[in-house]
There are 2 protein chains.
Amino acid sequence: VIADAAEKLLPAPGGPLRGKRIVITAGPTHEPLDPVRFIGNRSSGKQGYAIAAACRRAGAEVTVVSGPVSLPAPSGCEMVRVETARQMLAACEELMPSDVFIACAAVADYRPALETKHKVKKERGGLTAIDLIENPDILREIASRSANRPGLVIGFAAETDDVLGHAESKMKRKGCDWIVANDVSPGRPAMGGDQNEVTVLGFEGDKTLPLMSKDALGDMLAAMIGRALGG
Amino acid sequence: VIADAAEKLLPAPGGPLRGKRIVITAGPTHEPLDPVRFIGNRSSGKQGYAIAAACRRAGAEVTVVSGPVSLPAPSGCEMVRVETARQMLAACEELMPSDVFIACAAVADYRPALETKHKVKKERGGLTAIDLIENPDILREIASRSANRPGLVIGFAAETDDVLGHAESKMKRKGCDWIVANDVSPGRPAMGGDQNEVTVLGFEGDKTLPLMSKDALGDMLAAMIGRALGG
């Protein structure tokens with residue numbers, strides 16, 4: 001009865017992505033240094049949440065694996081909340097198989113080699129450097145699965161120089177099918193703002209989209225995914 | 001006329017802190033590593049914002065120097081928004097003199113020695129460590145001013161072990177008048193939550209307060225400040 005009532009509140013599951021399972025990562029990761037400090041990044045999560053909401057509106061079953069953000073959950077999506085890159089990878093692997101995987105999160109490439117249990121005290125000799133180790137590469141891990149690889153794996157490339165060149169080499173290196181490339185230089189709209197301007201590499205050649213709202217870009221990507229899946 | 005209309009929306013400026021100017025820092029600082037990455041900390045800003053609102057309710061003229069948080073500005077307070085410890089210090093110095101200075105922000109002790117203009121690329125040889133340099137010490141700078149030192153300088157000590165011992169030595173080292181000490185160990189209420197449990201060192205001896213909401217602690221501190229200023 002409760003399920004019936006909930007069903008009535010949800011939009012009818014029609015649309016081009018009906019019956020498709022989509023897993024999408026969103027937001028930053030926080031890599032702890034000690035109980036209070038972390039290395040983070042400026043991802044607001046807005047673009048990932050907008051894509052998740054748009055795919056849901058297009059009829060997909062959507063799970064968002066989200067780093068720490070201060071946004072309301074996108075309507076109708078299942079949420080898995082994580083902090084670190086390692087937690088994000090584990091959550092994504094647990095959610096496989098899916099039809100589509102979208103790696104929109106700004107995952108920290110590195111984490112502190114050592115996480116101390118107590119707050120590091122300045123007066124105890126101080127800290128002169130943080131040793132780093134590489135985090136797992138979530139996009140490459142999912143794109144290179146031998147079993148249960150999603151049919152369509154989409155990455156994002158946030159770059160500050162030679163945006164398309166870096167994005168193209170990232171697509172090859174990671175083995176994903178599409179890369180959504182954007183320019184995150186200071187003063188550009190992407191970071192933290194409500195608009196985005198991207199080029200989608202791999203979708204029917206490269207497709208450069210005009211500046212639009214993150215919500216509109218979500219709808220556009222949902223439509224492109226529907227077309228690619230033959231929906 | 002606009003000022004008159006605004007005046008009517010504000011609470012009557014009565015209360016024990018009437019006519020007092022209070023500057024309070026709140027939230028974390030973010031210390032950039034490159035255009036997208038930073039070193040941050042888990043301060044939500046809730047306690048600082050609650051103290052600011054309480055001091056305002058008690059009649060003070062309050063300016064909040066706030067790091068990046070996702071909270072609405074406390075009602076009736078002037079806001080100065082900053083990112084880094086150096087920006088926070090500069091903003092506080094510009095606001096001197098004041099009757100009271102409250103250093104509630106979780107200021108990063110260290111920042112990356114080098115901030116690169118372009119995003120650091122993993123594939124260009126990678127990053128094995130972040131070199132750090134010490135940030136200015138805002139509490140000590142303000143507490144040790146020879147001219148225009150606020151009459152009452154209050155610091156906060158977020159500790160994970162030997163809380164009172166560390167807080168007491170911090171009070172001496174910084175030269176502040178009171179220290180509000182709390183335990184930020186994982187599982188304790190302070191970090192990110194709505195409650196806090198603190199000991200105020202320096203106020204009529206040490207005063208250990210019971211667990212209470214951050215709003216209630218704000219009102220309690222506003223009352224203690226009123227008493228100390230003879231209001």
Side-chain angles (χ1 to χ4, degrees), chain A residues 28-44 68-71 83 106-113 116-124 126-135 137 157-163 166 169-170 173 183-188 190-192, chain B residues 28-44 68-71 83 106-113 116-124 126-135 137 157-163 166 169-170 173 183-188 190-192:
Chain A
T29 66
H30 285 181
E31 307 294 331
L33 199 55
D34 69 16
V36 295
R37 299 179 180 94
F38 60 85
I39 299 177
N41 63 65
R42 295 184 196 281
S43 171
S44 65
V69 298
S70 48
L71 292 174
E83 288 244 322
V107 180
D109 293 332
Y110 301 94
R111 66 175 182 273
T116 62
K117 233 180 84 195
H118 294 293
K119 186 179 169 190
V120 176
K121 306 293 295 177
K122 175 160 72 165
E123 55 277 16
R124 289 196 196 132
L127 208 56
T128 59
I130 302 168
D131 287 325
L132 298 174
I133 51 179
E134 260 193 57
N135 262 329
D137 188 324
E159 306 290 344
T160 54
D161 54 328
D162 184 15
V163 174
H166 279 137
S169 83
K170 182 171 180 175
R173 215 166 51 240
D183 185 339
V184 295
S185 301
R188 302 290 300 164
M191 295 301 280
Chain B
T29 66
H30 285 181
E31 307 293 332
L33 198 55
D34 69 16
V36 295
R37 300 180 178 94
F38 60 85
I39 300 177
N41 63 66
R42 293 183 197 283
S43 171
S44 65
V69 299
S70 47
L71 292 174
E83 287 243 325
V107 180
D109 293 332
Y110 300 94
R111 68 175 180 273
T116 62
K117 233 180 83 196
H118 294 292
K119 186 178 170 190
V120 176
K121 306 294 296 179
K122 176 160 71 166
E123 55 277 18
R124 289 196 196 132
L127 209 57
T128 58
I130 301 168
D131 287 325
L132 298 174
I133 52 178
E134 259 193 57
N135 263 330
D137 187 324
E159 306 289 346
T160 54
D161 55 327
D162 185 14
V163 175
H166 279 135
S169 84
K170 181 171 181 176
R173 213 167 52 241
D183 185 341
V184 294
S185 301
R188 303 290 300 166
M191 295 302 279

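A, B, ... follow the sequence lines: proteins, then strands. Residue 1 opens every chain.
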K.L.:
Nearest 0.5 Å, what's the CD1-CG distance between B:I39 and A:L33?
P.N.:
7.0 Å
K.L.:
Check A:R42 against B:P32 and note the closest heavy-atom contact, atom names and distance.
P.N.:
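Smallest interatomic distance, heavy atoms only, reads NH2-CB, 3.8 Å.
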K.L.:
List the atom of B:D131, the atom of A:A129, and the distance in Å for their closest heavy-atom pair.
P.N.:
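What the structure gives for the nearest pair is OD1-CB, 3.7 Å.
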K.L.:
Heavy-atom distance under 4.5 Å between the side chains of B:T160 and A:D34, does that happen here?
P.N.:
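No. Closest side-chain heavy atoms not under 4.5 Å.
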K.L.:
Hey, could you give me the NE2/CG distance between A:H30 and B:N41, rounded to the nearest 0.5 Å?
P.N.:
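Result: 10.5 Å between the selected atoms.
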